[in-house]
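Some notes on the structure that comes next.
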Amino acid sequence: MAKPFRIHKILLPFIMMATVSVHSFSTELVPSCFLVIGKKADAVELDAVRDLQADLGKTLSVNVEVVTDMNDVTGQGTIIILGTPRSNPVIASLHKSNKIRLTDADPGPRGGIWAKIDWADKRDVIVIAGSDVQGLQYAIYDYSKEVLGVDPLEYWTGKEIVGKKPEDLFAFENRRIAPPKVPILCYFENDVDELANYRGKLLQYDWESYTEMINALVRLRYNAIQFFDMLGRPEFFIRPEYKKMTDYQVDVAYLEKMIDYAQKKGMKVAIDFALGYQIHPMSADKATCWKDYKQDWLTAWRFYLEKTPLHKTDIFILRPRHQVWDWEYESSCGENKIAVFNEVYKAFGDLVDEYRPGADKVLVCYSDGMEMWNNGFRPPNDWTVAWSDHGFGDFEHLPNTTDNYSFGTYMHAGFWLNHTVHNPYPGKVESVMKNMFATYDADKFCLVNGQNFRPFLLNLEAYSQVCADPESFDADGFYKAWTERYFNVESARHAVASMKYLHKAQAGRIGYVQHLWEIGEAISYLSDSPIERPGKSPVPHDYKRVENDLEHVKETEKFIDSAVREASMGMRKATSGKVFYHDYVYLPAVLYQDLIRFERTLHRMSIWKRQYEETGDPEMVKAIEKMLPRAKKQLKEIYKHRKRGDKAKKWEHWYAPEIRRPNNGFPTFEMLEAIDQNLKTINKPN
């Protein structure tokens with residue numbers, strides 16, 4: 001059994017945070033490692049030190065002690081001095097004596113240093129410090145990643161830690177860590193169904209999943225999180241698909257606990273102050289006429305700010321759209337929507353100034369919001385404008401002017417149209433973000449939509465890196481480094497090739513969930529039934545809808561077959577990280593392939609049905625009947641692979657169809673039976 005950490009003169013809040021035990025590689029008495037912090041260290045700083053303490057415990061056979069005075073360093077061992085010039089007087093004195101260079105302004109906000117220095121007794125000492133607390137955080141987490149070999153995504157990838165020796169702690173060159181290009185990098189908690197459903201209470205994160213997501217994000221330099229689904233999005237308690245699943249009720253106390261955890265980790269909390277959340281929902285009929293219901297909007301916002309945990313908001317977000325449902329604002333009382341939102345942003349901004357003076361305010365120009373901007377919509381000039389991609393890393397519209405506003409971006413690591421299987425595109429991340437920074441100075445804020453988080457780790461880290469240092473970000477280099485972090489060189493090469501084919505298979509605004517919609521169109525046509533639309537009224541089936549999908553799905557099949565082939569070769573050559581290779585590289589490609597093969601079969605059946613309608617040839621109906629068993633077999637494969645899912649036990653049930661996000665429906669055997677029954681009703685001559 002390893003010895004527990006000893007803590008000398010540590011602040012009471014730190015003691016209360018956690019009790020951490022060393023995971024030693026030996027039961028023998030071992031040297032010490034001293035983490036020297038300042039007595040003025042705040043809770044966020046102490047939390048980062050605790051993480052380093054735990055990381056050292058995972059990698060070294062040493063006792064890790066936290067002290068607040070150099071005089072408490074006794075005996076032999078490695079000394080690591082941690083903090084900022086404000087929190088740790090030792091760091092301030094080292095700067096004053098020119099042993100290090102570190103001030104509030106140099107490197108600057110969110111910047112830091114690593115340094116090796118000679119102490120008074122000729123002892124080598126490590127300094128890990130920041131210009132501010134966030135600079136210290138990222139200096140610590142970068143050190144854990146690069147020197148200790150602790151994967152920032154360890155919980156999600158299962159990457160094993162390789163033991164280190166005390167001398168390995170010095171295996172680095174002195175480094176100045178520049179502040180990131182983008183000062184606020186915000187994760188958008190959106191479309192979280194699988195992450196909220198795969199274990200525990202439906203539509204609610206279990207605590208472990210939530211905190212580990214935050215922990216990973218902080219290590220990836222995300223310093224804000226936007227809550228959305230966890231406020232009780234309207235679908236959860238209004239849409240029939242969700243009401244069948246569970247009797248949803250937002251847990252306000254649990255929500256506040258989640259907000260507190262994010263802020264304890266140093267993240268700002270961002271909230272889109274839409275008015276449909278179950279935490280305090282406003283009637284949708286009041287969301288279509290500002291002039292008649294202005295006071296209801298203002299009253300609802302005041303309730304948020306006075307009676308709910310949203311009073312803890314750090315970044316206030318608003319979209320110029322319908323304020324209950326996320327669609328275009330269409331006035332029911334003859335208003336001009338640009339004029340409406342010029343007023344709305346002024347009124348809401350005044351409320352923010354009243355309750356939280358100096359707080360960040362962000363206009364997210366999602367969808368038609370960009371057209372509104374280009375046609376004259378302008379919030380007060382203290383709002384940051386976040387320009388929105390079309391869901392897959394590109395822009396359908398670009399600003400005709402930034403008009404001297406602070407500009408940022410709203411990007412998607414994953415989108416609702418591909419929710420289940422990621423679309424890896426570091427190349428897009430590089431070219432598009434560099435252009436936005438260079439052309440529009442859109443580097444003041446970046447909101448990244450991570451959907452249900454786990455499938456989109458690659459893109460999430462790519463956005464993190466390009467927002468930190470766009471000049472050094474290279475997509476091919478990123479791909480190589482990311483895959484070789486987990487796999488040997490040969491299997492990493494195949495992993496990259498597979499993911500590039502997976503990206504090509506999703507050309508345009510197409511993804512796994514979009515194919516579910518296309519499959520629904522084909523099934524409706526083959527069964528002569530209306531097309532069901534979640535949250536909306538059904539529409540008649542139409543062969544032209546199917547015909548529009550034929551060619552691009554044929555091309556998709558070629559790319560996805562190549563993606564699976566490359567993934568299979570890489571998996572055979574894997575010598576480490578085999579489970580993660582299966583779960584992150586191979587399985588998503590197979591799930592996509594299953595769906596495309598099924599869709600292609602339905603398309604062949606649809607072509608024959610159309611030929612029957614045009615010619616009356618009964619052989620076409622017979623051909624469909626012969627093909628139907630193949631479709632049933634392929635649907636069984638879809639269910640089998642989704643239910644079997646990941647090899648990592650931790651993610652059991654992640655892809656289970658019954659807990660998936662119900663957008664765009666899902667094919668069932670009953671639907672195929674409806675096709676069979678419909679074929680029997682077709683008038684066929686003897």
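Not measured: the values here are computed from a predicted model.
- Contact annotation: the side chain of Val62 never approaches that of Leu56 to less than 4.5 Å [non-hydrogen atoms, C-beta and beyond].
- A heavy-atom distance below 4.5 Å is not found between the side chains of Val385 and Ser406.
- Judged as a side-chain hydrogen bond (donor to acceptor under 3.5 Å, both in side chains), and not counting sequence neighbours, the contacts of Lys480 are Glu484.
- Of the inter-residue distances, the one linking Cys446 atom SG with Met411 atom CE reads 7.0 Å to the nearest 0.5 angstrom.
- With sequence neighbours left out, the salt bridge (charged side-chain N to carboxylate O under 4.0 Å, His left out) criterion links Glu154 to Lys58.
- For the residue pair Asp132 and Thr84, no side-chain donor N or O sits within less than 3.5 Å of a side-chain acceptor on the partner.
- Side chain to side chain, Tyr261 and Asn215 meet the donor-acceptor criterion of an N or O pair below 3.5 Å.
- One finds a salt bridge joining Lys312 and Asp260 here, because a Lys/Arg side-chain nitrogen approaches an Asp/Glu carboxylate oxygen to under 4.0 Å.
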Full working for side chain to side chain donor-acceptor pair (under 3.5 Å) between Asn449 and Gln451: CA-CA 6 Å; Asn449 191 326; Gln451 295 287 292; 3.2 Å; yes
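- Relative ring orientation between Phe478 and Phe473 is described as tilted, the plane-to-plane angle lying within the 30° to 60° band.
- Rounding to the nearest 0.5 Å gives a distance of 11.0 Å between CG of Asp350 and CZ of Phe348.
- Using a 4.0 Å cut-off between a side-chain N of Lys or Arg and a carboxylate O of Asp or Glu, Lys181 and Asp469 do not qualify as a salt bridge.
- Looking only at side-chain heavy atoms (C-beta outward), Val182 and Lys444 stay at 4.5 Å or farther from each other.
- Heavy-atom minimum distance, Ile91 versus Pro85: CG2-N, 4.1 Å.
- Trp119 has its side chain within reach of Ile81: a pair of non-hydrogen atoms, C-beta onward, lies under 4.5 Å apart.
- Between Leu195 and Tyr198 the shortest heavy-atom distance is O-CD2, 3.6 Å.
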Decide yes or no on side chain to side chain contact (heavy atoms under 4.5 Å, CB included) for Tyr425 and His412, but give the supporting numbers first. CA-CA 11 Å; Tyr425 45 69; His412 287 76; 4.3 Å; yes
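- In this structure, the side chains of Lys40 and Asn88 stay at 4.5 Å or more apart for every pair of heavy atoms.
- Ring geometry for Phe228 against Phe188 counts as perpendicular: the plane angle is over 60°, on a 0 to 90° scale with 30° as the lower cut.
- Of the candidates Trp482, Tyr581, Tyr584, Tyr581 is the only one forming a ring pair (Phe, Tyr, Trp, His ring centres under 6.0 Å) with Phe487.
- Between Arg356 and Asp314, the shortest heavy-atom contact is NH2-OD1, 3.6 Å.
- The CG atom of Leu35 lies 8.5 Å from the CD1 atom of Ile128; values are rounded to the nearest 0.5 Å.
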Does the pair Thr313 and Leu310 meet the rule for a side chain to side chain contact (heavy atoms under 4.5 Å, CB included), with working shown? CA-CA 5 Å; Thr313 301; Leu310 303 194; 4.0 Å; yes
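- In this structure, the separation between CD on Glu173 and CZ on Arg175 is 9.5 Å, given to the nearest 0.5 Å.
- Comment: Arg199 engages Asp206 in a salt bridge, judged by a side-chain N to carboxylate O separation of less than 4.0 angstrom.
- In this structure, Tyr222 contributes its side chain and Leu460 its backbone to a donor-acceptor pair below 3.5 Å.
- Judged by distance alone, with hydrogens and angles left aside, the side-chain atoms of His422 form no donor-acceptor pair with the main-chain N or O of Phe456 at under 3.5 Å.
- The main-chain N or O of Met258 is found under 3.5 Å from a side-chain atom of Tyr210 such that the two form a donor-acceptor pair.
- Each of Asp55, Val162, Ile161 was scored for a side-chain contact (heavy atoms from CB on, under 4.5 Å) with Leu148, with one residue passing: Asp55.
- Between Arg176 and Asp106, at least one side-chain nitrogen of the basic residue sits less than 4.0 Å from a carboxylate oxygen of the acidic one, meeting the salt-bridge criterion.
- Residues Asp272 and Val364 fail the side-chain proximity criterion, which asks for heavy atoms closer than 4.5 Å.
- In this structure, Lys159 forms no cation-pi arrangement with Phe580, as its terminal cationic atom is not both closer than 6.0 Å to the ring centre and no more than 45° off the ring axis.
- In this structure, Tyr345 contributes its side chain and Leu318 its backbone to a donor-acceptor pair below 3.5 Å.
- Using a 4.0 Å cut-off between charged nitrogen and carboxylate oxygen, Glu146 and Arg485 do not count as a salt-bridge pair.
- With a 4.5 Å cut-off on side-chain heavy atoms, Tyr405 and Leu363 do not count as touching.
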Step by step, would you call Ile126 with Tyr143 a side chain to side chain contact (heavy atoms under 4.5 Å, CB included)? CA-CA 11 Å; Ile126 296 170; Tyr143 182 86; 3.8 Å; yes
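- Formation of a donor-acceptor pair under 3.5 Å by the Glu189 side chain with backbone atoms of Met230 is found in this model.
- Using a distance-only test at 3.5 Å, with no hydrogens or angles considered, a donor-acceptor pair links the side chain of Thr103 to the main chain of Ala105.
- Checking Tyr486 against Asp151 by side-chain atom types alone, a donor-acceptor pair falls below 3.5 Å.
- Between Tyr304 and Phe273, the ring planes are perpendicular. Angles over 60° get that label, and only those under 30° would be called parallel.
- Tyr410 and Asp389 share no donor-acceptor pair across their side chains, judged by distance under 3.5 Å alone.
- A heavy-atom distance below 4.5 Å is not found between the side chains of Thr384 and Phe407.
- Under the salt bridge (charged side-chain N to carboxylate O under 4.0 Å, His left out) criterion, Asp104 pairs with Arg86, sequence neighbours left out.
- Under the rule for a salt bridge (charged side-chain N to carboxylate O under 4.0 Å, His left out), the partners of Arg221 that lie at least two apart in sequence or sit in another chain are Asp142.
- Proximity of a side-chain donor or acceptor of Asn223 to a complementary backbone N or O of Pro183 within less than 3.5 Å is detected.
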List the steps, then state whether side chain to side chain contact (heavy atoms under 4.5 Å, CB included) holds for Val150 with Arg219. CA-CA 10 Å; Val150 176; Arg219 287 178 183 257; 4.1 Å; yes
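- Listed for the Tyr187 side chain is no donor-acceptor partner under 3.5 Å among the backbone atoms of Phe227.
- Within the structure, ring pair (Phe, Tyr, Trp, His ring centres under 6.0 Å) pairs that include any residue of residues 144-167 comprise Tyr155-Trp651, Trp156-Phe453, Trp156-Trp651 (at least two apart or interchain).
- Taking each heavy atom of Ala495 and Thr483 in turn, the nearest pair found is CB-CG2, 4.2 Å.
- The nearest pair of heavy atoms linking Ile315 to Ile184 is CD1-CG2, 3.9 Å.
- Taking each heavy atom of Ala386 and Phe445 in turn, the nearest pair found is CB-CD2, 4.1 Å.
- To the nearest 0.5 Å, the span separating CZ on Phe170 from NZ on Lys116 amounts to 8.0 Å.
- With sequence neighbours excluded, no residue forms a side-chain hydrogen bond (donor to acceptor under 3.5 Å, both in side chains) with Trp114.
- Salt bridge status for Lys165 with Asp168: absent, with no side-chain N to carboxylate O gap under 4.0 Å.
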